[in-house]
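Letters go in sequence order (proteins before strands), and every chain restarts at 1.
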There are 2 protein chains.
Amino acid sequence: MILTKTSQYAVRVLTYMIQSDLRVFSAHHLIKALSIPDKYLRQLLTTLSKAGFIKSIRGREGGYVLARNPDKIRLSDIIEVIDGMERYERCLLGFPSCSDDNPCSLHRKWAPLREQMLHFLRETTLDEIRQNDITKF
Amino acid sequence: MILTKTSQYAVRVLTYMIQSDLRVFSAHHLIKALSIPDKYLRQLLTTLSKAGFIKSIRGREGGYVLARNPDKIRLSDIIEVIDGMERYERCLLGFPSCSDDNPCSLHRKWAPLREQMLHFLRETTLDEIRQNDITKF
DNA sequence: TTAAATTACTACGACGGTATAGCATATCAG
DNA sequence: CTGATATGCTATACCGTCGTAGTAATTTAA
């Protein structure tokens, strides 16, 4: 798969939160709503909190709140924190030195596609995703 | 990364063989020429042999020979044998049911890109790669 | 015939991604 | 103040990918 499961989970959680009218989401609520494994999502939520995407509110009545201005969050921002973007930027055959000037045998055909893919990841924001009005999480 | 290392190795081995004037390649030769870990490449060569991409010749003076008509070998044929193509065909967010009629929130923007990527993997043949005249393996 | 050169098979270990479990910590309703 | 409801931290296990190691089987040059 292109994204790791963890990145998929992260994107799903944040898109779910941004399109909902609620403000505070408990881990329990998100686990039920998104059918993501309990303990695993809890860890992920802590990661997203530390990364500044959401803010945690501890104690009774606590939960998670979107932190940043969500239209500013890009897919690549999320992926960078979870898996790192580097894997999507590399040469398809794994050469560290592959470039226009020193291409591998697939570079000429692959590089433009890769650029499109990176553009997609870097320019797609959560706000834009919300505007699709999709309720599949 | 987009391709697994094993798939990268497989593509590199086959492109190397197809562009060379030699006919028989020993594992030892390929390991030196491509700087791929010894035992790991030997396993891979056996896999490629069983899959019919190459033919093994055992015993002294033995090695591997390209089996099929190489212009017929597509990137997706190689990947299918090593990792399976399924991971490249799936929904970006991992939904099993994602489609034009029942899209996830990224489908509209992602699906066309995925199609281009799949077209690239399915239509690029080793013969076409050879014509690039690149000697980076 | 024999030794060298070669591929084939199988087991093992390291590592990262995924998932589970238990206990610690924090906060507030009552 | 206390119990209930939350999140935070850490250890463990599983699985697939990647890599290593040793031994067996095969063929041919000499």
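Remark: the K5(B) side chain and the dG19(D) base include no donor-acceptor N/O pair separated by less than 3.5 Å. A donor-acceptor contact under 3.5 Å is not formed by the side chain of R58(B) with the base of dT26(D). Below the 3.5 angstrom threshold, one finds a donor paired with an acceptor across the side chain of Q43(A) and the base of dT20(C).
Within the structure, a side-chain polar atom (N or O) of T6(B) is placed less than 4.0 Å from OP1 or OP2 of dC18(D). Residue R87(B) places no side-chain N or O under 4.0 Å from the OP1 or OP2 atom of dG16(D).
One distance of note links NZ of K136(B) with OG of S97(A); it measures 3.0 Å at 0.5 Å rounding.
With contacts defined as side-chain heavy-atom distances shorter than 4.5 Å, the pair L45(B)/I54(B) qualifies. Side chains of P103(B) and I134(A) form a contact here, defined as non-hydrogen atoms less than 4.5 Å apart.
By the 30° and 60° cut-offs, the orientation of the rings of F120(B) relative to W110(A) is tilted.
When the nucleotides dT7(D), dT17(D), dA8(C) are ranked by their closest atom to the side chain of S56(A), dT7(D) comes out on top. Closest to the P37(A) side chain, of the nucleotides dT23(D), dA19(C), dC18(D), is dA19(C). Listed nucleotides: dA19(C), dA6(D), dT20(D). Nearest to the side chain of S26(A): dA6(D). Nearest to the side chain of R60(B), among dA29(D), dC18(D), dG22(D), sits dA29(D). Here dA29(D) is the nucleotide among dT20(C), dA29(D), dT20(D) with the atom lying nearest to any side-chain atom of E61(B). In this structure, of dG8(D), dT17(D), dA19(C), it is dA19(C) that holds the atom nearest to the side chain of Y9(A). Proximity note for Y40(A) (side chain, C-beta onward) versus dA29(D), dT20(D), dA19(C): the nearest is dA19(C). The nucleotide whose nearest atom lies closest to any side-chain atom of K50(B) is, among dT18(C), dT27(C), dC9(C), dC9(C).
Nearer to the 5' terminus of DNA chain D, by closest-nucleotide assignment, is the contact made by I82(B) (compared with the other of I82(B) and D38(B)).
dA21(C) atom P lies 16 Å from atom CG of L41(A), rounded to whole Å. L34(A) places its CG atom 14 Å from the P atom of dA19(C), with the value rounded to the nearest Å. Look at NE2 on H29(A): it is 17 Å from P on dT5(D), rounded to the nearest Å. In this structure, R42(B) places its CZ atom 14 Å from C1' of dT26(D), rounding to the nearest Å. Rounded to an integer number of Å, the gap from I31(B) CD1 to dG19(D) P is 13 Å. Between the CD atom of Q8(A) and the C1' atom of dA19(C) there is a distance of 15 Å, rounded to whole Å. Between L45(B) atom CG and dA5(C) atom P the separation is 19 Å, expressed in whole Å. One interatomic measurement links the two molecules: OH of Y64(B) to C1' of dT6(C), which rounds to 9 Å at whole-angstrom precision.
Salt-bridge formation is detected for the pair E89(B)/R122(B): a Lys NZ or Arg NE/NH1/NH2 atom is positioned less than 4.0 Å from an Asp or Glu carboxylate oxygen.
Between Y64(B) and H29(B), the side chains place no donor N or O within less than 3.5 Å of an acceptor N or O (distance only, hydrogens not considered).
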